[in-house]
Structures are given as C-alpha cells and as structure tokens.
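Okay, structure first, notes after.
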Amino acid sequence: VGATLIASQPNWLQFLKMVICWIFTPIGGAIISYILYRSFEFAISSRIKSTRKLQRFLKVTMVVAGCYGSYALGANNVANTTGIYVNTGMIGPLHASLAGAIAIVIGAATYSHKVMDTVGNRITIIGPQGAVIATLAHSITVHIYTQIGVPVSSSQAIVGAVAGIGLVKGIKAVNGKVMRQIFLGWLLTPVLAGLLSYTALFVFNHHVEILEYLQLVLQWIKNNFFWM
C-alpha cells in the first residue's frame, strides 16, 4: 500500500477486504482450535486409555499437522512475499516459490527461537495435545484464506489457535500481557511497513533531486562555517 500510494491509486476495497480477514484470522484460529480441542477430548483422549498409545498417536498426528502447516504456509505466506516479484515479471512462479522456501528454512534455522518461545511458552500452557490441535487449527485457518485468495499472517493464525487452547481452560489461562504486546505488534507492523515502503520508493523516484539538494546544503554549510 505504501508503494502504491506513490506509483498509483490503491484498491481500497480490496485493502478493506484484507483488513477484515486479518482481524478474523486470529479469531477464526481460536474458534477452530477450541472446537477441535473439545472434539479431540471427546473422540480420542477419552477412548485411548493407554498413555503410551496416546503419546504415539500424538507424535504421528503432530507430523501430519506439521506437514499440513508447512503446506499452508507455503501456499499463503510465501505467495505474500514473492507474489509482487512474479506480478512484475522479474521472476517466474517456480523460482519465486523456491526462493521463498529457502528463505523460510534459513529464517527458521536462525532467528525463529524467540518467536517459538513466545508462541509455545508465554501465551498459555498447551502441552503435546494442545500443540497438535493448535498446529492443525492454524493450518486449517490459513488454508481457508488461501482458497479465498486473501493473504493473511500465519503468525496471527497460530497465536489465535494457541489462545483458543488456553480458553478451553479459562480466560485466565491466557497471558493477557503477552497478548497485548502481540496485538500492538500486529497494529504497528503494517503501519511501519507502509511508511518504509513509501519512503523508500519516494527516495528512489526523486534521488536525483535529493542529491542535488544535499549538495546545495553541504555547499552552504561549507561556505558559512568553513570559510576560514
């Protein structure tokens, strides 16, 4: 949006559609997570009495849910990042997908630990069963919006899903302070991104005029303060 404000007129109706979907992404993740958790308890946990069998089942479902989550992440979030390059003809869809996949792997291996700690430990206590349900709910939420064709944040989906697990145990089980910090981050992220994008494109389009102006300023400083 920030770049489009300079280049052309933004499609505000489409932007409004995305904002509405952003709002409902964590809400939808929480609702789906809450329903899945209750259903899982009724259909699975209450019927598998052996702890070992339940743990084995959770390990298998975690792998499946993780694979589904990766698929949903690639289908939506990678497209969010690389779609603009494909649209301008800079690269093809295949190369864009590969670049996005490689970037995700590098990001997960380097700077993801703090986010992992926040989602996994600081929002609420979820446990193995809750982790499976939250991952599955996140994947379903992102997949739904992918089918609609709306770019959404997978982080919003997983945070909502984890919060939904906490709501099963009661609203006090959810760390309100951490959730407020996360909400603030969600508000500031698009605003800062828009400002940075607008500023960067403005400088790029007017770099000649800006350089000439800076030269005049430097010349004035030199003439008035370093004349001796």
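Just so it is clear, the values below take in all heavy atoms, side chains as well, and ignore hydrogens, waters and symmetry mates. Note that this is a predicted model, so its numbers are computed, not measured. By convention here, the first residue in the shown sequence is residue 1.
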If you take all heavy atoms of M116 and A108, which pair is closest and at what distance?
CE-O, 4.3 Å
Where C21 and T25 come nearest, the two heavy atoms and their spacing:
O-OG1, 2.6 Å
Does the N77 side chain pair with the main chain of A72, one donor and one acceptor, at a distance under 3.5 Å?
no
Check the pair Y68 / I140 against side-chain contact (heavy atoms from CB on, under 4.5 Å), numbers first and verdict last.
CA-CA 8 Å; Y68 182 29; I140 293 173; 3.9 Å; yes
If you measure from CZ on R52 to CZ on R56, what distance do you get to the nearest 0.5 Å?
7.0 Å
According to a hydrophobic-cluster definition based on side-chain heavy atoms being under 4.5 Å apart (Ile, Leu, Val, Met, Phe, Trp, Tyr only), do L192 and W186 belong together?
no
How about I171: does its CD1 atom have over 12 heavy atoms from other parts shown lying under 6.0 Å from it?
no
In the single-linkage hydrophobic clustering (I, L, V, M, F, W, Y; side-chain heavy atoms under 4.5 Å), do I104 and V119 co-cluster?
no
Rounded to the nearest 0.5 Å, how far apart are OH of Y213 and CG of L218?
10.5 Å
So which atom in T135 and which in S139 form the shortest heavy-atom distance, rounded to 0.1 Å?
O-OG, 2.7 Å
Looking only at atom types and distance, does a side-chain atom of T199 sit under 3.5 Å from a main-chain N or O of L196, one as donor and one as acceptor?
no
Pairwise distance NE2(H143) to CG(L136) - rounded to 0.5 angstrom:
12.0 Å
Shared hydrophobic cluster, M18 / F183 (ILVMFWY, side-chain heavy atoms < 4.5 Å):
yes
Measure across A161 and A134 and return the closest heavy-atom pair with its distance rounded to 0.1 Å.
CB-O, 3.4 Å
Restricting to non-hydrogen atoms, name the atom on S154 and the atom on L73 that form the minimum distance, rounded to 0.1 Å.
OG-CD1, 3.3 Å
Rounded at 0.5 Å granularity, tell me how far OH in Y37 sits from CD1 in I133.
8.0 Å
Sequence neighbours excluded - salt bridge (charged side-chain N to carboxylate O under 4.0 Å, His left out) pairs with any residue from residues 169-191:
none
Distance, nearest 0.5 Å, that separates CG of N175 from CG of N121:
11.5 Å
Has the side chain of T61 got a donor or acceptor atom that lies under 3.5 Å from a matching backbone atom of F57?
yes
Measure the CG-OG1 distance between L184 and T189 for me, rounded to the nearest 0.5 Å.
9.0 Å
Heavy-atom closest pair, residues L58 and P128
CD1-CB, 4.1 Å
Full working for side-chain contact (heavy atoms from CB on, under 4.5 Å) between T118 and K114
CA-CA 6 Å; T118 299; K114 288 185 178 180; 5.5 Å; no
Quick check on the hydrophobic clustering: are M179 and I165 connected, directly or via other members, by side-chain heavy-atom contacts under 4.5 Å?
yes
Exam field: side chain T124 to backbone A173, donor-acceptor pair closer than 3.5 Å
yes
Taking salt bridge (charged side-chain N to carboxylate O under 4.0 Å, His left out) as the cut-off, I'd like each qualifying pair that reaches into residues 85-107, sequence neighbours left out, listed once.
none
Would I27 and V159 show up in the same hydrophobic cluster when neighbours are defined by side-chain heavy atoms closer than 4.5 Å?
yes
Working for side-chain contact (heavy atoms from CB on, under 4.5 Å), residues T141 and V152:
CA-CA 9 Å; T141 304; V152 294; over 6 Å; no
side-chain contact (heavy atoms from CB on, under 4.5 Å) assessment of W22 paired with V19:
CA-CA 5 Å; W22 290 343; V19 170; 4.0 Å; yes
